[in-house]
Engineer: 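Let me give you the structure first, and then I'll get to my questions.
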Amino acid sequence: MTDQFGRSIDYLRISITDRCNLHCFYCMPHDVPLLQHADILRYEEIVRLVRIAASLGITKVRITGGEPLVRKGCADLVRMLRDIPEITTIALTTNGVLLPDALPELVRAGLNAVNISLDTLRPERFAAITGQDVMPNWRALLRDCVQAGLKTKTNTVLLRENREEWENIAALAQELPISVRFIEQMPLGRGQIGKDGDAEQVLRLLRRRWSDLQPVQTQDASAPARYYRSEQLIGQVGLIAPMTHRFCRTCNRVRLTSTGQLKPCLSYGIHNDLRGLLRTGKSDDALREVMRQSIYHKPKTHCFGSNQTDAERQTMNRIGG
Ligand code: SAM
Ligand code: SF4
């Protein structure tokens, strides 16, 4: 469906847990309070909501968290979502730690795409950023994802700690047909606006090595990343600049938090309590109407950078990145 500003909303990001096996310092420090199990939507509840959302035009879903793979049965959820005819794409965002074991079943269940957080290639730095000494073998993991037929992307948050690796991380797109993306810090969790670098800085740095880096002409206008290609890359690099280049004009997404709140925009405290409606026996039609209103009233732009909603803002692990 289209919202009040004529944007076509066809993408739902679903956080299935607020828990994580890592504690990236910018996202989920150790003192983040965790939710009770009963507060989190059951898979059956998520599937019911996605069916209703699909009747309003949602065709793509992304499963995220927290770390989605710490929740048991993530592949079962993929299988259930696969049974919804309107859903054409099911993607997963993960830190990759549990992915090697989970991959075959996820692929069998019908997963189409994966985004993997990759902030560093160095095990000791990984431990310093995440608090856990469990860095995956990135190259093997990415190769396996590609070989399994998944559209594969990586996400690197721009941090002072990984600045010296930006070039080496981008060079993964020289080895593999993947999209290597860099994300400006957002003021969620402990993140601070553009604190440790912005997309323009990354582009300048990468152009020193790949001087022919050019914007991809056939970009999906609703994608938050601007992609660049070079003759020397078999993949591409992407820059996600919510702070320096607002991509709100073409935003096509809404979010379902792990507690069943429909959030039309990541940056605002506003949400609609779908869990409350589900658990008090409301009909599909009633739920659809609430979703329709929420989507229709999606705000025009994000409000990061203002202090308008900071008090109500939640951490990224709860909303779903
Ligand atoms: N655990 C999974 C993962 O790490 O990919 C999925 C959830 S995580 C919240 C999704 C993405 O959000 C990750 O790529 C993470 O780096 C990013 N993220 C978390 N906090 C952020 C912040 N303050 N600014 C920008 N990106 C952030
Ligand atoms: Fe966990 Fe992902 Fe947040 Fe890191 S970014 S703490 S892996 S949810």
Side-chain angles (χ1 to χ4, degrees), residues 13-35 61-71 74 91-99 102 106 111 113-120 125-136 138 141-142 145 150 152-162 166 169 178-199 202 224-225 238-245 247 253 255-258 263 266-267 302 304-305 310 313-321:
R13 298 173 76 114
I14 309 165
S15 172
I16 63 168
T17 178
D18 63 328
R19 308 209 166 215
C20 188
N21 47 352
L22 302 182
H23 281 276
C24 303
F25 68 82
Y26 55 82
C27 171
M28 195 180 167
H30 287 273
D31 54 1
V32 171
L34 291 175
L35 297 164
V61 293
R62 174 172 302 282
I63 300 170
T64 179
E67 172 49 40
L69 296 180
V70 301
R71 180 159 175 187
C74 187
L92 177 79
T93 300
T94 169
N95 61 35
V97 172
L98 299 173
L99 189 55
L106 286 166
L111 189 72
V114 70
N115 285 10
I116 301 177
S117 291
L118 190 165
D119 288 338
T120 177
R125 187 166 287 152
F126 184 93
I129 292 174
T130 68
Q132 301 290 331
D133 188 11
V134 288
M135 192 179 90
W138 293 126
L141 178 59
L142 293 168
C145 290
L150 298 180
T152 304
K153 301 177 187 166
T154 59
N155 291 334
T156 302
V157 177
L158 300 178
L159 304 169
R160 182 172 49 80
E161 288 75 2
N162 61 16
W166 295 348
I169 291 172
I178 61 173
S179 299
V180 177
R181 305 162 354 138
F182 296 89
I183 309 180
E184 290 177 359
Q185 265 183 59
M186 291 182 276
L188 291 158
R190 297 275 158 91
Q192 288 178 30
I193 299 181
K195 180 166 122 331
D196 297 334
D198 62 39
V202 180
L239 302 174
I240 303 181
M243 305 315 305
T244 57
H245 290 96
F247 41 63
R253 67 204 59 198
R255 292 177 148 84
L256 182 65
T257 70
S258 49
K263 274 177 81 74
L266 174 65
S267 73
H302 70 66
F304 292 137
D310 281 349
R313 227 172 255 155
Q314 294 175 315
T315 50
M316 196 75 151
N317 68 304
R318 194 172 288 182
I319 307 168

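This structure is a prediction, so every number in the text was calculated from the model and none was measured. Counting starts at 1 for both ligands and their atoms, in listed order.
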Engineer: Numbering the atoms of ligand 2 from 1, which are under 4.0 Å from a heavy atom of N95?
Structural biologist: 7 (S)
Engineer: State, yes or no, whether a side-chain contact exists between I116 and C145 at a heavy-atom distance under 4.5 Å.
Structural biologist: yes
Engineer: So among L142, T154, L118, T152, which one has a side-chain contact (heavy atoms from CB on, under 4.5 Å) with V180?
Structural biologist: T154
Engineer: Which heavy atom of A199 sits nearest to which heavy atom of E184, and what is that distance?
Structural biologist: N-OE2, 3.0 Å
Engineer: State the atoms of ligand 1, each with its element, that fall below the 4.0 Å cut-off from a heavy-atom position in E184.
Structural biologist: 25 (C)
Engineer: Of I178, L106, L150, which meets side-chain contact (heavy atoms from CB on, under 4.5 Å) against V114?
Structural biologist: L150
Engineer: Would you please test N21 and E67 for side chain to side chain donor-acceptor pair (under 3.5 Å) and show each step?
Structural biologist: CA-CA 7 Å; N21 47 352; E67 172 49 40; 5.7 Å; no
Engineer: For atom 6 (C) of ligand 1, which candidate among G96, G66, S117 holds the nearest heavy atom?
Structural biologist: G66
Engineer: Has ligand 1 got any nitrogen or oxygen that is less than 3.5 angstrom from a nitrogen or oxygen of T64?
Structural biologist: no
Engineer: Are any side-chain N or O atoms of R71 and backbone N or O atoms of I16, one a donor and one an acceptor, separated by less than 3.5 Å?
Structural biologist: yes
Engineer: Within the 4.0 Å heavy-atom shell around C27, which atoms of ligand 1 are there?
Structural biologist: 19 (C), 20 (N)
Engineer: Looking at ligand 2, is there an atom of it that comes within less than 4.0 Å of some heavy atom belonging to S117?
Structural biologist: no
Engineer: Is it the side chain, the backbone, both or neither of T94 that has a heavy atom closer than 4.0 Å to ligand 1?
Structural biologist: backbone
Engineer: Is there a polar contact between ligand 1 and I183, counting only N or O atoms under 3.5 Å apart?
Structural biologist: no
Engineer: Using a 4.0 Å heavy-atom threshold (strictly under), name the region of T93 that reaches ligand 1: side chain, backbone, both or neither.
Structural biologist: both
Engineer: Could you please spell out the steps behind the side chain to side chain donor-acceptor pair (under 3.5 Å) verdict for D196 and Q185?
Structural biologist: CA-CA 8 Å; D196 297 334; Q185 265 183 59; 3.1 Å; yes
Engineer: Can you tell me if, anywhere in C24, an N/O/S atom lies at a distance from atom 3 (Fe) of ligand 2 that is smaller than 2.8 Å?
Structural biologist: no
Engineer: Looking at G66, which atoms of ligand 2 are within less than 4.0 Å of one of its heavy atoms?
Structural biologist: 8 (S)
Engineer: Do any nitrogen or oxygen atoms of Y26 lie less than 3.5 angstrom from nitrogen or oxygen atoms of ligand 1?
Structural biologist: yes
Engineer: Between the side chain of R19 and the main-chain N/O of L35, is any donor-acceptor distance below 3.5 Å?
Structural biologist: yes
